[in-house]
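Remarks on the structure that follows.
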Amino acid sequence: MNTFSDFGLNKSQLARLAGLSATTIRNYIEELEVYPTGGSKKIPKYSLVDCRKILKKAIASKFPIEKKVHTFFNFKGGVGKTTFAYQVSSTLALFGYNVLVIDTDPQYNLSTAFGVYFEGETGNPISDDKMSNIKTLYDVITYKYPVESAVIPVFDGLSLIPSNLNLTRLDQELFTTTRREEQFNEIIKPLRSKYDFIIMDVNPSISNTNLNAINASDVINVVAELQVFSLSSTNMLLTELDDFFTEKMRKSVPTLNIVPNKYNPKDVSSLKATSALKETYGNYIRDGFHVRQSSDFNRSSAEMIPLVFASNKNSNALHDTLELVDEILFLSSSNKERSILKDEVA
């Protein structure tokens, strides 16, 4: 598993991520009395721990979080749920928040991206013995293990409850449980005081596991692929959500945030889907926002290095991730200021 101990950022990278001037970042560095641990004399870098201190002062301390539990959801596969859970959680942790990620997908792609099933030094897959010792939500719900026993630290500020193939059995376990849609709620309730954000990645289905996830959520981030069928599938999904919450759970639908993904300005169908989606559901979409197609997302997951650590100023993927994070902070925080990032990272 990646130790992330060698990761660091310089002042200009920190300034770009926070949407602040290099002078402001330098003032924070002097105030916090942190010192470079790498880089060169001309362009020094600060450790991950110190970067979190700097960005916490710049961002997390100014945006206290009220809506903590986020799920990235769609019942269609391949739309980008796991990608955004990975990038958003990593970015929020670097920004100084304490973040817990919960992988509820039996395919465990998110856990793999975080390097859970690989040895940190060699990059080889972990042994079967080590894998059998890794607990998931299945163990917590079925065998009543304390939820803390399933939490794995990824890096300072970011922890993970991983997934594996055991989760294929979770849906049946929930089906035979009383108050089956409330199980995640009960597990997450004591974690709310420990973490600023709890982010869940789910598989593409309407299942007992996913109903638990959305029922425990404060914000449901609906990832919509910008194709001609996106409007009808999004309409179907939102109808399902409304029926579940208002008719079955007898409560209002949580905050919805539609994330238009895989935008391609050269593709006519992408442009039409974007226009139709925003015309119909514009009140759930940040004005003017969409995530552009970019190979950087796939590269980041394959290399098991979140984009925020690469901090390439020319990356559309990084820019759009930061704008998505900005919107999530707006929806989640009691501070309703805008554009801490958007205008500065363009």
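By convention here, the first residue in the shown sequence is residue 1.
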Quiz item: Where do D326 and R286 land on the salt bridge (charged side-chain N to carboxylate O under 4.0 Å, His left out) test, with the steps shown first?
Solution: CA-CA 10 Å; D326 193 34; R286 180 173 180 146; 2.9 Å; yes
Evaluate the side-chain proximity of [Y] to [X]: yes if any heavy-atom separation is below 4.5 Å, no if none is.
X: D201; Y: T104; answer: no
X: Y86; Y: V101; answer: no
X: Y281; Y: L238; answer: yes
X: E33; Y: K53; answer: no

Self-check item: Of K251, R250, K248, the residue whose pairing with E181 passes salt bridge (charged side-chain N to carboxylate O under 4.0 Å, His left out)
Solution: K248
Practice problem: May I ask you to establish whether K81 and F72 are in a cation-pi arrangement, using a distance under 6.0 Å from NZ or CZ to the six-membered ring centre and at most 45° from the ring axis? | Solution: no
Quiz prompt | Qualifying residue, where the test is side-chain hydrogen bond (donor to acceptor under 3.5 Å, both in side chains) with T209 and the options are D171, D105, T168 | solution = D171
Practice problem: Give a yes or no on whether a salt bridge exists between E31 and K57, defined as a side-chain N under 4.0 angstrom from a carboxylate O. | Solution: yes
Self-check item: Basic-acidic side-chain contact under 4.0 Å: K45, D50
Solution: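 The answer is no: the pair does not qualify as a salt bridge.
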Practice problem: For the pair S21 (side chain) and T24 (backbone), establish whether a donor and an acceptor sit closer than 3.5 Å, ignoring hydrogens and angles. | Solution: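 Flag set: sc S21 to bb T24 pair under 3.5 Å.
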Quiz item: Taking atom CZ of F155 and atom CZ of F114, what is their separation to the nearest 0.5 Å?
Solution: 7.0 Å
